Asker: 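I'd like to ask some things about the structure below.
As the structure is a computational prediction, the values presented were derived from the model and not from experiment. So you know, we letter chains A, B, ... as the sequences are listed, proteins then strands, and number each from 1. Side-chain atoms are counted along with the backbone in the values below, which use heavy atoms only and exclude waters and symmetry mates.
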Number of protein chains: 2
Amino acid sequence: MLAKKTKYAIIALVRLAREYRKEPLQIATLAAEEKIPKKFLEAILRDLKNAGILNSVKGRYGGYYLSQDPETVNLATIIRLFNGPIAFIPCVTYLYYESCDVDKEEEFCGIRTFFKEVRDAAVEIFKKATLAEIIRREDALRASEKTVD
Amino acid sequence: MLAKKTKYAIIALVRLAREYRKEPLQIATLAAEEKIPKKFLEAILRDLKNAGILNSVKGRYGGYYLSQDPETVNLATIIRLFNGPIAFIPCVTYLYYESCDVDKEEEFCGIRTFFKEVRDAAVEIFKKATLAEIIRREDALRASEKTVD
DNA sequence: CAAATGTCTACTAAGTTGGTAGATTATATA
DNA sequence: TATATAATCTACCAACTTAGTAGACATTTG
């Protein structure tokens, strides 16, 4: 399951994507409006800045803002950053590769093939899930809700 | 990532599936041959018995054996038993349903749709991954290795 | 200078993971 | 019936992770 940190990161980023190219947003405002513990959010935003996804301005009227186009930031990146690898087992992982400790003869591992299928499917879907696409889906859902009544 | 307990469970089950309809296998033998800590394996096998997947005989020449056809036991069941839900977020989970604490207006949640896609893809693949199918893939890999040389 | 705001280090309580120890119960068979 | 064999059960533990919190410090604007 996703760590809360990852969830908070996604929520904060979607919000910051909605403010793309506007004034920077302050930690305190973001924390209050998205109901995220302020000090916890602080650490999350710092990580996102260190990862090059956000930028910040200090001092009065400062805050955080998205430093990349919302079309290019996707869930695969965010999940890897806060939650670790997307795969269920290390021997099918991108960037975190380790051989299965349990099974030295990896090439014979019939279990592995299924986990690789799952990982590949998940990565493909998460890569399509850009901040821009998430916002489009949210807006579409909101609109269809209104037309229903 | 998969807990070690889940990995061990899968390995033990694949082995027991290979012995299907033969003599029961003892914890000690299974532990030694599959390199699983004996006392840890003990707890795993008990859980599998309580879940109705294994049966056991006590006393001399006793041990554990698969009580279901290897064609009907799949990774989705095993992962859920030891690792919890397959989904990344609770609001798209089968049997463990909870609403997103972070977002009361679930129907508006654009993030959710992606996680649901991933979960559905994963469940579909894991359901096809029966013990029998894992063994077939293992044997196929082994055979193709031998023909290559 | 003062207020607002991000940055950094350190701490902590609760829960999970990956085990281990040891006593008990059931059964086959000599 | 005794004995060895094996599963069963309860309890414990160390290390790690998660979800925060506290408080001092640095930087910028007005």
Asker: What I'd like to find out is whether the side chain of A:L25 reaches to under 4.5 Å of the side chain of A:L16, using heavy atoms alone.
Answerer: yes
Asker: Please state how far atom CD in A:Q26 lies from atom P in D:dT29, giving the value in whole angstrom units.
Answerer: 13 Å
Asker: Taking NZ, NE, NH1 and NH2 as the nitrogens, is one of them in A:R18 or A:E33 under 4.0 Å from a carboxylate oxygen of the other?
Answerer: no
Asker: Could you state the CD1-C1' distance from A:I27 to D:dT27, rounded to the nearest angstrom?
Answerer: 14 Å
Asker: Which listed nucleotide (D:dT28, D:dG23, D:dT8) is nearest to the side chain of A:K58?
Answerer: D:dT28
Asker: Please list, in numerical order, the residues of residues 60-70 of chain B that have a heavy atom closer than 4.0 Å to any atom of DNA chain C.
Answerer: B:R60, B:Y61
Asker: How long is the line joining NZ of A:K7 and C1' of D:dG20, in whole Å?
Answerer: 16 Å
Asker: How close or far is atom P of D:dG20 from atom CZ of A:R46, stated in whole angstroms?
Answerer: 16 Å
Asker: Write down the distance between NZ (B:K4) and P (D:dA15), rounded to a whole number of angstrom.
Answerer: 16 Å
Asker: Taking only Lys NZ, Arg NE, NH1 and NH2, and the carboxylate oxygens of Asp or Glu, determine whether B:R136 and B:E71 approach each other closer than 4.0 Å.
Answerer: yes
Asker: Going 5' to 3' along DNA chain C, between which two nucleotides do contacts with chain B fall, using a heavy-atom cut-off of 4.0 Å?
Answerer: C:dG18 to C:dT29
Asker: When you match A:V57 and A:P37 each to their closest nucleotide on DNA chain D, which lands nearer the 5' end?
Answerer: A:P37
Asker: Would you say B:S56 reaches D:dA6's phosphate, i.e. side-chain N/O to OP1/OP2 under 4.0 Å?
Answerer: no
Asker: Measure up the A:F88 and A:F115 rings against each other and bin them: parallel (under 30°), tilted (30 to 60°), perpendicular (over 60°).
Answerer: tilted
Asker: As a quick check of understanding, evaluate salt bridge (charged side-chain N to carboxylate O under 4.0 Å, His left out) for B:E19 and B:R15, giving each step before the final call.
Answerer: CA-CA 7 Å; B:E19 317 286 314; B:R15 175 62 193 275; 3.0 Å; yes
Asker: Any side-chain N or O of B:K49 below 4.0 angstrom from OP1/OP2 of D:dT8?
Answerer: yes
Asker: Please state how far atom CZ in B:F40 lies from atom C1' in D:dC13, giving the value in whole angstrom units.
Answerer: 14 Å
Asker: CD1/B:I11 to NZ/B:K7 distance, rounded to the nearest 0.5 angstrom?
Answerer: 7.5 Å
Asker: Look at A:K128 together with A:E124 and state whether they make a salt bridge at an N to O cut-off of under 4.0 Å.
Answerer: no
Asker: To the nearest Å, how far apart are B:K38 NZ and D:dT5 P?
Answerer: 12 Å
Asker: Hey, any chance B:L13 and B:I135 share a hydrophobic cluster, counting ILVMFWY side chains that come within less than 4.5 Å of each other, even indirectly?
Answerer: yes
Asker: Quick one: does B:E34's side chain get under 4.5 Å of B:L41's, heavy atoms only?
Answerer: no
Asker: I need the NZ-P distance between A:K5 and D:dT21, as an integer number of Å.
Answerer: 13 Å
Asker: If you pin A:A3 and A:K39 to their nearest nucleotides in DNA chain D, which one's is more 5'?
Answerer: A:A3
